[in-house]
Amino acid sequence: MEDSKTISLIPPYGGKLVDRFVSPDELDEVTAHANTLPSIQLSQRSLCDLEMLAIGAFAPLDRFMGVEDHQRVLDELRLADGSIFPIPITLPVEPGPDIQLDRDLALRSAKNDLLAVMLIREIYPWDRAEVAEKVFRTQDLRHPLVTEMHKWGKLNISGELRVLQLPRHYDFKELRLTPKETRSKLEGMGHTNVVAFQTRNPLHRVHEELTKRAMEELDGVLLLHPAVGLTKPGDVDHYTRVRTYKTLASRYYEPNHVLLSLLPLAMRLAGPREALWHALIRRNYGANYLIVGRDHASPGVDSKGQPFYGPYDAQEFVEHYSEELGVGMVPFRELVYLPDEGRYEEISQVPSAATTASISGTQVREEYLNNGRRLPVWFTRPEVAEILAETNPPRHKQGVCVWFTGLSGAGKSTTAEVLTVLLLEFGRQVTLLDGDVVRTHLSKGLGFGREDRDTNIRRIGFVASEIVRHGGVAICAAVSPYRTTRNEVRGMVGEDQYIEVFVDTPMDVCESRDTKGMYAKARRGEIKGFTGIDDPYEPPENPEVVIDTVARTPEDNAHRIVDVLLDRGFIRKESSMEEAGQAAAVSNKQ
Ligand code: ADP
Ligand code: ADP
């Protein structure tokens, strides 16, 4: 669609877009030079920051901050030249012989791709407590950035950047637009008002409602601008999120009114300061409005269970700077659903007697996805429900590891074999990793010294964790005598998917069984380091299940473990299958 009038979008902050790329005719020469330089590998966060700097998303900032910019940003939310800038963008490094003033330093990715050359102009120490207090207003380690900062280098370095290439992305390439590319697409859409929407979550109906209301109010287009760099640990991964955004943008918005573009932003979860930063960044992409709702860029709750920032602190903050920054704010109070009227409304507008409905992120995971319940249509579009259901299968399709530990002859293999058959009957895919069998292939050649035993257990743990990750059941039966190694495996598999079964058979019973004649050999001294005789067995401290093989049969014990798996939802009875398919009930709150 051709538009005859020329659209002029809001100019970038500071007047022009920053562009730190080396020109094509110098590229070979600078690359050759860079290959001779000492180099550092950037963290994922610094990699995102470098990309944002290089493409002009942080304009007018064109480099990692020097000491003057840094201090003024902490104290006054401004760069040394007075421009608004609320978040410190620094390159922290550890001191070392390569960190020298007036020397070039090559910046590489974790995979050693050469990305940029920095001429080091400043090296300065920074104070973690000061940054935590001023930027995040807290020292609480529950704030993900306050914790992360403990791992950062002690010195910040700054200087001109010559960028050779951007970090490589192979996913969703067509959606990764630079500010320049975004502007050119927006210009083609024919509206001066561009309202940006920042997000780090899958989009539901309530978000759709916010964005559509904002567009209507301003007669503008929507820049749907999800952060895909780093978000809060534990967030839904960006592959899943972007699939939801693509579907929504193509099916539920007018094509010429929405532009979906992925932002390589590493979020700081700094609440109010972060919201202002988001506004500044979106101006560089051509947006003159930003939607700010409830709990913008929130890090959740602190170690006392209190929110780090008030739900509308970010709105107040952005409002204060809005005129100077040139980016208007579209504020929203919390929107809730009114089931009786079939529509969304801001909570302040809802009559006190009305029934409202909402579903929290935790409820989405625990009550709906884990139980295989479909999210209701008033809450999310069916296509989005489908994508979320696909990437978060219900518990009975998630992987799980059942780990048997105990002395040789305790009854691990015998019980594990019965359990395997019972779980096959429940329709699960099961792999049995028996220590003795594993030692004939995967761990062939390993001995019984401490180190080899640990290696064997780690190998079993690695295979089990891969099986679990892909939705299978791994049943492992190995003496696994050492507590720390078992806990390591628990960590590899994931706490929620790990069930430790302690086969608590007394030593004398194991010895009297002596199925393989090993105890007798050990007693005669023909084998050394035999568990229970001359090598320790460390019993588990808090196993999920303890079984008694003296009082109960292998079958009884296997059924007990089945009950635990049923209880946790990893398997389900035939009768519960219909129930799970039924439409979910609306949870009413008021
Ligand atoms: P592990 O794998 O712990 O070394 P096995 O399962 O190979 O032990 O050997 C256990 C031996 O004890 C088998 O010969 C089994 O028949 C016998 N046994 C007797 N009662 C039980 C029981 N209740 N549970 C498991 N095994 C039992
Ligand atoms: P782990 O590697 O934790 O010891 P595995 O189940 O892989 O556990 O191996 C233990 C099995 O190998 C035991 O059931 C035992 O029958 C056999 N075995 C052979 N030699 C020894 C030994 N010196 N010490 C312990 N188990 C031995």
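Any value given below was found using the heavy atoms of this structure, including those in side chains, with hydrogens, waters and symmetry copies removed. Treat the numbers as computed from the prediction; the structure is a model and nothing was measured. Just follow the structure's listing: the first ligand is 1, and inside any ligand the first atom is 1.
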What I want to know is whether [X] and ligand 1 share at least one N or O pair that is separated by under 3.5 angstrom.
{"X": "Arg552", "answer": "yes"}
{"X": "Thr415", "answer": "no"}
{"X": "Val550", "answer": "no"}
{"X": "Thr515", "answer": "no"}

Show which atoms of ligand 1 fall inside a sub-4.0 Å distance from at least one heavy-atom site of [X].
{"X": "Ser413", "value": "1 (P), 2 (O), 6 (O), 7 (O)"}
{"X": "Ser408", "value": "4 (O)"}
{"X": "Leu407", "value": "3 (O)"}
{"X": "Pro554", "value": "22 (C), 23 (N), 24 (N), 25 (C)"}

Legend entry - Residue portion contacting ligand 1 (non-hydrogen atoms closer than 4.0 Å) for Lys412: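 Both backbone and side chain of Lys412 come within 4.0 Å of ligand 1.
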
Inset, instruction - Of the side chain and backbone of Val503, name the one, both, or neither that has a heavy atom under 4.0 Å from an atom of ligand 1. - result: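 No part of Val503 is near ligand 1 at this cut-off.
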
Legend entry - Close side-chain approach of Val562 to Glu425, heavy-atom, < 4.5 Å: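 When only atoms from C-beta onward are counted, Glu425 and Val562 do not touch, as no gap falls below 4.5 Å.
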
Inset, instruction - Just do the salt bridge (Lys or Arg N to Asp or Glu O under 4.0 Å) check on Glu383 and Arg381 with the steps written out, would you? - result: CA-CA 5 Å; Glu383 294 89 338; Arg381 296 288 184 185; over 6 Å; no

Inset, instruction - Determine, for Arg486 against Glu541, whether the closest basic-nitrogen to carboxylate-oxygen distance falls under 4.0 angstrom. - result: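 Looking at Glu541 together with Arg486, the answer is no, because their closest N to O distance does not fall below 4.0 Å.
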
Inset, instruction - Before accepting this row, confirm whether a basic side-chain N of the pair Asp49/Arg268 lies closer than 4.0 Å to the acidic partner's carboxylate O. - result: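 Judged by the 4.0 Å cut-off on N to carboxylate O distance, Asp49 and Arg268 do form a salt bridge.
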
Legend entry - Donor-acceptor contact present, side-chain Asp235 to main-chain Lys232, <3.5 Å: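 Such a contact is found between Asp235 side chain and Lys232 backbone.
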
Legend entry - Partner of Thr505 by side-chain contact (heavy atoms from CB on, under 4.5 Å), out of Thr549, Asp548, Leu407: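 That would be Thr549.
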
Legend entry - Quiz item: cation-pi between Arg428 and Phe570, 6.0 Å / 45°: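 Pair Arg428/Phe570 does not count as cation-pi.
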
